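Here the structure comes first, spelled out in structure tokens, and everything after it is commentary.
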Amino acid sequence: MITLVRRIPELKKKIKQARQRRKVIGFVPTMGAFHEGHLSLMRRARRETDFLVISIFVNPLQFDPKEDLQRYPRQLKQDIALAKTAGVDLIFYPTARQMYPTGQETVLDIPSLTDHLCGRSRPTHFPGVLTVVNKLFNLVEPDISYFGQKDYQQALLIKKMAVDLNMNLKIKICPIVRERDGLALSSRNRYLSPSQRRTAPCLYRALCQARQLIKKGERSIPQIIRKMRSIINAEKKTRIDYLNIVNPSTLTDLKRITRRPVLIALAVYVGRTRLIDNILI
Ligand code: PAF
């Protein structure tokens with residue numbers, strides 16, 4: 001039986017009941033529009049915890065005014081059906097009013113980590129993410145929460161927040177789920193036209209090229225980046241937002257590959273749709 005909860009007092013009641021029954025609470029925060037990537041997080045949480053809570057909330061605080069908040073896909077009925085197949089116990093589906101009844105003046109940030117990669121072109125995004133995730137953690141009080149590696153920077157920030165704020169929970173990062181042609185699953189993939197969809201795997205091809213070069217002994221990061229860029233620029237209607245090879249703990253740029261692992265991360269516009277992807281090598 002899956003329970004759909006819209007209001008905070010009801011959520012708190014259900015969480016209290018689960019705690020009284022000594023259940024280990026697993027939590028997967030989402031913005032809905034489920035695909036296999038979300039479902040893989042839920043299945044893992046199902047295996048590892050007793051009471052599985054997910055949230056579906058398209059968080060206005062993490063969208064820049066120019067971004068796609070209104071356009072972001074919403075498909076509650078389908079999401080409920082998919083969540084059922086993954087064994088979810090409770091879906092928290094709050095309104096923006098429930099989450100931000102009096103506006104939100106307290107906003108979290110971790111400047112040393114937000115000022116890189118996606119945070120450069122989306123400066124308000126991660127403070128919005130950290131703030132909502134912190135609120136959701138306070139409400140759900142999970143023992144373990146699950147995030148995907150596709151949003152590597154987000155996951156790193158949330159881990160750091162949990163340490164910095166002495167949160168009593170574990171954060172687990174789960175592997176990227178890909179289409180057969182390598183495209184990382186994302187709710188935004190549905191914005192792609194058929195021809196853009198054919199173009200989109202160039203992100204993963206570029207990452208694979210980097211892996212190949214490093215395997216063959218290439219250590220110069222400008223060289224690797226140049227080759228990756230040429231793969232993406234060879235495709236029509238692509239525009240690179242960033243393409244960086246960084247220290248996976250600090251997200252700072254590297255000049256040469258002198259240590260492992262390194263994080264290779266990129267964001268590329270395919271048409272108007274901004275896609276991200278990464279690999280750890
Ligand atoms: O990754 C997402 O879907 C969102 O950023 C999250 C973590 C649910 C916060 O709104």
Side-chain angles (χ1 to χ4, degrees), residues 5 8 11 26-42 44-45 52-64 67-76 78-79 82-83 86 88 90-100 104 106-110 113-114 117-119 121-140 142 144-162 165 167 169-177 184-191 265 267 273-278:
V5 170
I8 288 173
L11 171 72
F27 179 45
V28 182
T30 80
M31 299 207 298
F34 295 158
H35 50 66
E36 256 318 293
H38 297 107
L39 296 177
S40 70
L41 301 181
M42 293 177 209
R44 171 140 177 221
L52 173 52
V53 181
I54 66 167
S55 60
I56 301 178
F57 179 57
V58 183
N59 172 34
L61 209 62
Q62 69 189 74
F63 287 80
D64 189 82
E67 285 179 338
D68 54 353
L69 174 63
Q70 296 315 325
R71 193 163 82 114
Y72 199 85
R74 287 154 174 94
Q75 48 167 57
L76 183 63
Q78 204 176 320
D79 285 347
L82 289 168
V88 170
L90 188 151
I91 303 178
F92 179 47
Y93 174 62
T95 57
R97 229 197 151 119
Q98 279 283 299
M99 291 302 286
Y100 303 118
Q104 181 72 26
T106 307
V107 174
L108 292 170
D109 197 3
I110 308 174
L113 292 178
T114 51
L117 307 178
C118 289
S121 45
R122 305 180 73 195
T124 57
H125 173 67
F126 289 120
V129 170
L130 288 171
T131 304
V132 81
V133 171
N134 183 35
K135 285 166 78 84
L136 290 166
F137 283 172
N138 287 338
L139 296 170
V140 176
I144 313 178
S145 188
Y146 297 81
F147 294 86
Q149 191 195 309
K150 188 172 82 63
D151 296 296
Y152 182 95
Q153 189 173 12
Q154 164 172 288
L156 184 72
L157 280 156
I158 291 168
K159 271 192 150 180
K160 174 80 172 131
M161 169 179 80
L165 299 183
M167 290 176 165
L169 84 169
K170 266 200 201 118
I171 306 291
K172 292 203 178 175
I173 314 295
C174 308
I176 298 178
V177 181
L185 296 192
S186 161
S187 304
R188 290 189 167 91
N189 290 353
R190 66 188 70 193
Y191 301 150
T273 305
R274 186 175 176 278
L275 301 177
I276 59 172
D277 202 348
N278 68 77

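Small disclaimer: the values here were computed from a predicted structure and weren't measured. For this chain, numbers begin at 1 and follow the sequence in order. Order of listing sets the numbers, starting from 1, for every ligand and every atom in it.
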Distance-only side-chain donor-acceptor flag, Tyr100 / Asn59, under 3.5 Å: yes
If we only count N/O pairs under 3.5 Å, is Thr30 in contact with ligand 1? no
Measure from the side-chain N and O atoms of Gln153 to the backbone N and O of Leu113, and report whether any donor-acceptor pair falls under 3.5 Å. yes
Think Arg71 forms a cation-pi with Tyr191, using NZ or CZ under 6.0 Å from the six-ring centre and within 45 degrees of its axis? yes
From the options Gln62, His125, Met31, select the one whose nearest heavy atom is closest to atom 9 (C) of ligand 1. Gln62
Check whether any N or O atom of Gln154, backbone or side chain, sits under 3.5 Å from an N or O atom of ligand 1, and answer yes or no. yes
Under 4.0 Å from one or more heavy atoms of Val132, ligand 1 contributes atoms 9 (C), 10 (O)
Count the heavy atoms of every other residue, nucleotide or ligand shown that sit under 6.0 Å from NZ of Lys159, and state whether that count exceeds 12. no
